[in-house]
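Have a look at the structure below before the remarks.
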Amino acid sequence: MTEAGDERRRGAGPPEVLAARRHKLESLRARGVEPFPHGYAGAEPIASVREAHAGLGVGEETIVAHRVAGRITARRGQGAMAFLDLVDRSGRIQLQARIDELGTDGLDLLTGLDLGDLIGVEGFAISSRRGELTLRLTAFTLLAKSLRPPPDKHHGLADTETRLRHREADLLANEETRAVFIMRARMVSAIRSYLDSEGFIEVETPILQPLYGGAMARPFTTHHNALDREFYLRIAPELYLKRLLVGGLERVYEIGRLFRNEGISTKHNPEFTSIEYYEAYADYINVADRFEELMRFVTAAIGYRGPIDFQRPWHRETLTGAIERRTGVDIRRCHDRGRLAGAMRAAGLDVPESDTWPQLVDQLVSKHVEPTLVEPTFLFDYPVETSPLAKRHRSEPGLVERFEAFIAGMEVANAFTELNDPDEQRARFEVQRALADGGDEEAQPYDAAYIEALEYGMPPAGGIGFGIDRMAMILTGRTTIREVVLFPAMRDT
RNA sequence: GCCGGCGUAGCUCAGUUGGCAGAGCAGCGGACUUUUAAUCCGAAGCGCCUGGGUUCGAGUCCCAGCGCCGGCACCA
């Protein structure tokens with residue numbers, strides 16, 4: 001059902017399922033029941049109730065009292081007795097409501113509540129005749145009345161559009177959705193604890209930036225009224241983080257939202273979460289080793305049980321070797337656009353006319369190499385043309401010390417030995433400026449403040465950035481970024 | 001941005017060659033003291049995404065629009 005449909009119906013009077021809940025709300029108030037009380041202190045998580053009675057035998061009853069709170073998700077009436085399912089953040093538990101415990105009025109009130117209502121309960125832990133852990137209720141309190149029916153209790157909520165536009169409905173109906181976002185949170189928490197334990201400090205740099213940089217992407221722009229100037233929403237925190245290396249912080253990381261004004265796809269959301277970390281006195285090989293270690297740590301910490309093996313050492317190839325192996329094109333022998341285009345045509349590959357040399361290299365990687373990289377893989381050593389912030393390779397002319405990491409056919413990380421020579425950085429920016437003048441919308445702008453920072457002296461360093469969302473996709477086994485972003489970008493209805 | 005698929009009750013879904021819009025769950029009324037998506041009986045609830053058109057007659061066929069999904073392009 002679309003939003004527009006809801007609105008129209010509201011104008012013509014609500015559907016009867018909504019009206020029924022409204023009427024029930026009023027009759028509760030008429031009975032003196034407050035439908036929206038202020039709190040319910042002292043409830044324990046359902047999971048801890050389960051833990052406390054793990055060894056309970058079938059049909060066994062205890063006099064251990066528990067107090068829990070949650071949402072009613074199912075009801076099985078038996079006249080003078082009823083069973084209900086209660087769900088909280090930690091799990092589900094069955095409730096048994098008996099007329100001899102609650103009285104006629106109490107049982108009527110409880111069984112008259114709706115699926116979706118939030119209640120707090122007290123009761124004794126017992127095992128039912130079928131062996132299910134159950135709370136035999138001695139008391140209950142309505143904690144919040146639900147005025148909108150929850151999705152089908154068995155089929156859950158399946159309509160993708162409703163799931164994404166009303167994530168709350170998705171979360172309350174689909175346990176699997178809750179599991180995905182809990183897993184994502186634990187993943188981020190594990191990343192933090194790894195980096196914290198390695199002496200990195202978490203920092204926050206500007207999201208509203210006077211000049212964007214650190215990646216090849218088109219930015220969002222916005223306007224600050226008091227300063228009367230345009231700001232960009234950051235496309236990357238890189239340049240600010242490296243200024244912190246200059247300042248002596250030496251090991252820094254930032255987890256936060258990035259914004260790129262580009263297309264939306266199963267792998268792209270206009271705002272997404274990345275982490276970047278930088279380490280003084282490391283080079284890109286050290287960074288690759290640490291990233292492998294980080295992923296081993298994170299997957300162990302969250303109990304990852306998926307198809308990808310993170311314990312084994314990652315595959316390592318050079319970029320040029322990977323391209324040559326898969327297409328026969330040796331980009332080292334094709335330093336100008338014409339030669340590369342010719343070699344690609346000779347190999348029977350598509351050559352878009354407007355593509356520049358770096359764009360053709362990108363094509364080769366994304367079309368012919370990336371899809372083959374299912375197991376965790378590093379590609380090392382990229383052309384200097386595609387990497388204006390990376391340090392020149394120590395032995396390979398024309399290349400920089402940069403790698404990208406791939407998992408499940410998807411690029412997940414980008415890293416390099418950082419360029420810390422201010423004069424060379426200035427020259428690289430000049431090249432970018434020329435590209436921008438030539439109409440390249442993604443060329444990086446000249447950042448004079450950054451050059452000035454490098455002039456104070458930046459330690460040799462390695463750094464990496466990777467997409468939290470894509471990592472979450474891989475670790476939760478989702479195929480679209482929308483399944484790991486709580487509220488993904490959607491069109492207006 | 002381009003190409004294709006989809007849009008029916010609060011939710012999950014049927015709907016034949018164009019012929020009175022349906023089921024299950026939820027909700028409503030009643031029965032029931034051990035049930036576990038789904039106990040039994042009964043009565044309700046759908047302007048079929050929006051707007052045009054063809055037709056005696058449109059959920060169904062045609063056109064346009066909106067949204068979602070899947071590709072492509074762009075990108076991480």
Side-chain angles (χ1 to χ4, degrees), chain A residues 1-6 8-9 11-12 14-21 23-24 58-59 73-85 92 94-101 107 112 114-116 126-134 136 146-165 169 173-174 215-218 235-236 258-270 272-274 352 354-355 359 362-363 366-367 370 404-406 410-414 441-442 465-471 473 479-482 488 490-493:
Chain A
M1 182 48 62
T2 61
E3 293 297 305
D6 282 352
R8 272 194 308 282
R9 228 166 251 109
E16 73 172 14
V17 285
L18 297 187
R21 287 182 179 233
H23 291 141
K24 206 170 284 191
V58 173
T73 58
R75 181 176 49 232
R76 298 173 285 279
Q78 297 296 324
M81 187 179 68
F83 290 95
L84 301 94
D85 287 342
R92 183 195 67 87
Q94 174 167 267
L95 309 178
Q96 183 194 51
R98 301 169 63 105
I99 201 163
D100 51 10
E101 289 280 3
L107 189 71
D114 288 315
L115 299 193
I126 64 167
S127 165
S128 75
R129 282 183 197 167
R130 304 290 177 88
E132 167 134 1
L133 181 64
T134 301
R136 173 171 292 165
S146 164
L147 295 177
R148 193 173 283 277
D152 186 284
K153 68 181 181 186
H154 181 232
H155 297 96
L157 180 63
D159 180 70
T160 309
E161 183 168 359
T162 310
R163 287 184 49 235
L164 301 183
R165 288 190 193 278
N174 299 324
M216 310 269 197
R218 286 152 65 192
I235 59 172
L258 268 39
F259 307 85
R260 299 192 183 175
N261 207 339
E262 321 231 324
I264 294 176
S265 80
T266 55
K267 292 176 186 159
H268 301 85
N269 196 56
F272 62 103
T273 304
S274 87
S354 58
D355 276 12
Q359 288 171 326
D362 264 3
Q363 278 264 319
S366 58
K367 281 252 173 67
E370 196 169 319
E404 292 190 316
F406 298 84
M410 196 159 55
E411 184 196 330
V412 295
N414 181 27
E441 289 189 69
E442 294 182 351
F466 61 91
I468 293 287
D469 313 271
R470 287 187 176 182
M471 197 66 72
M473 285 169 66
T479 54
T480 85
I481 197 167
R482 288 184 282 277
M490 302 286 277
R491 271 176 223 279
D492 283 350
T493 49

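Below, all heavy atoms of this structure are taken into account, side chains as well, without hydrogens, waters or symmetry copies. Below, chains carry the letters A, B, ... as their sequence lines are ordered, and counting in each starts from 1.
- Rounding to whole angstrom units, CD of residue A:Gln359 and C1' of B:rA73 are separated by 13 Å.
- For B:rU35, the OP1/OP2 oxygens have a side-chain nitrogen or oxygen of A:Arg130 closer than 4.0 Å.
- Straight-line distance from the CE atom of A:Met81 to the P atom of B:rU36: 11 Å, rounded to whole Å.
- Between the side chain of A:Asp469 and the main chain of A:Thr273, a donor-acceptor pair closer than 3.5 Å is present.
- Interatomic distance, CD1 of A:Ile235 versus CZ of A:Arg218, reported as 11.5 Å (0.5 Å rounding).
- Contacts of A:Phe272 with the nucleic acid, taken as non-hydrogen atoms under 4.0 Å apart, include base atoms.
- Nucleotides B:rC49 and B:rG15 have their P atoms positioned 15 Å apart, rounded to a whole Å.
- Between A:Asn261 atom CG and B:rC74 atom C1' there is a gap of 12 Å when expressed in whole angstrom units.
- Taking A:His155 as the reference, A:Asp152 meet the side-chain hydrogen bond (donor to acceptor under 3.5 Å, both in side chains) condition, with sequence neighbours excluded.
- Applying the side-chain hydrogen bond (donor to acceptor under 3.5 Å, both in side chains) criterion to A:Arg136, with sequence neighbours excluded, gives A:Glu61, A:Gln96.
- Going from atom CD1 of A:Ile126 over to atom C1' of B:rU33 covers 12 Å, rounded to whole Å.
- Residues satisfying the salt bridge (charged side-chain N to carboxylate O under 4.0 Å, His left out) test with A:Glu411, not counting sequence neighbours, are none.
- Within 4.0 Å of A:Asn414, counting heavy atoms only, lies no atom of the nucleic acid at all.
- Among the atoms of the strands shown, base atoms are found under 4.0 Å from some heavy atom of A:Gly263.
- For the C1' atom pair drawn from B:rU36 and B:rA43, the interatomic distance equals 28 Å after rounding to whole Å.
- Partners of A:Arg75 according to the side-chain hydrogen bond (donor to acceptor under 3.5 Å, both in side chains) rule, which considers only residues two or more places apart in sequence or in another chain, do not exist here.
- Checked by distance alone, A:Gln96 brings no side-chain donor or acceptor within 3.5 Å of a matching partner on the base of B:rU35.
- At a threshold of 4.0 angstrom between heavy atoms, the contacts of A:Gly59 with the nucleic acid are absent.
- The distance between atom CZ of A:Arg76 and atom C1' of B:rC40, rounded to the nearest whole Å, is 17 Å.
- Nearest-nucleotide positions on RNA chain B place A:Leu18 closer to the 5' end than the other of A:Asn269 and A:Leu18.
- Partners of A:Phe406 by ring-ring contact (aromatic ring centres under 6.0 Å, His included), not counting sequence neighbours: none found.
- When the side chain to side chain contact (heavy atoms under 4.5 Å, CB included) test is applied to A:Ala173, the partners found at least two apart in sequence or on another chain are A:Pro151, A:Leu157.
- Phosphate contact (OP1/OP2 of B:rA76, side-chain N/O of A:Arg470, threshold under 4.0 Å): absent.
- Partners of A:Asp492 by side-chain hydrogen bond (donor to acceptor under 3.5 Å, both in side chains), not counting sequence neighbours: none found.
- Rounded to whole Å, atom P of B:rG10 lies 14 Å from atom CG of A:Leu157.
- A donor-acceptor contact closer than 3.5 angstrom is absent between the side chains of A:Arg130 and A:Gln94.
- Between the side chain of A:Ser128 and the base of B:rU35, at least one donor-acceptor pair of N or O atoms lies under 3.5 Å.
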Which protein N or O atoms sit under 3.5 Å from an N or O of nucleotides 69-71 of chain B?
from	atom 1	to	atom 2	distance (Å)
B:rC69	OP1	A:Arg482	NE	2.8
B:rG70	OP2	A:Arg482	NH2	2.4

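- Contact annotation for A:Arg491: backbone-only contact, meaning every heavy-atom pair under 4.0 Å involves sugar-phosphate atoms and none involves a base.
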- Produce a footprint string for nucleotides 22-28 of chain B: one letter per nucleotide, 5' end first; B if the base is under 4.0 Å from any protein heavy atom, S if only the sugar-phosphate is, - if neither. --BBBBS
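- Atoms CG (A:Asp159) and C1' (B:rG5) sit 15 Å apart, rounded to a whole Å.
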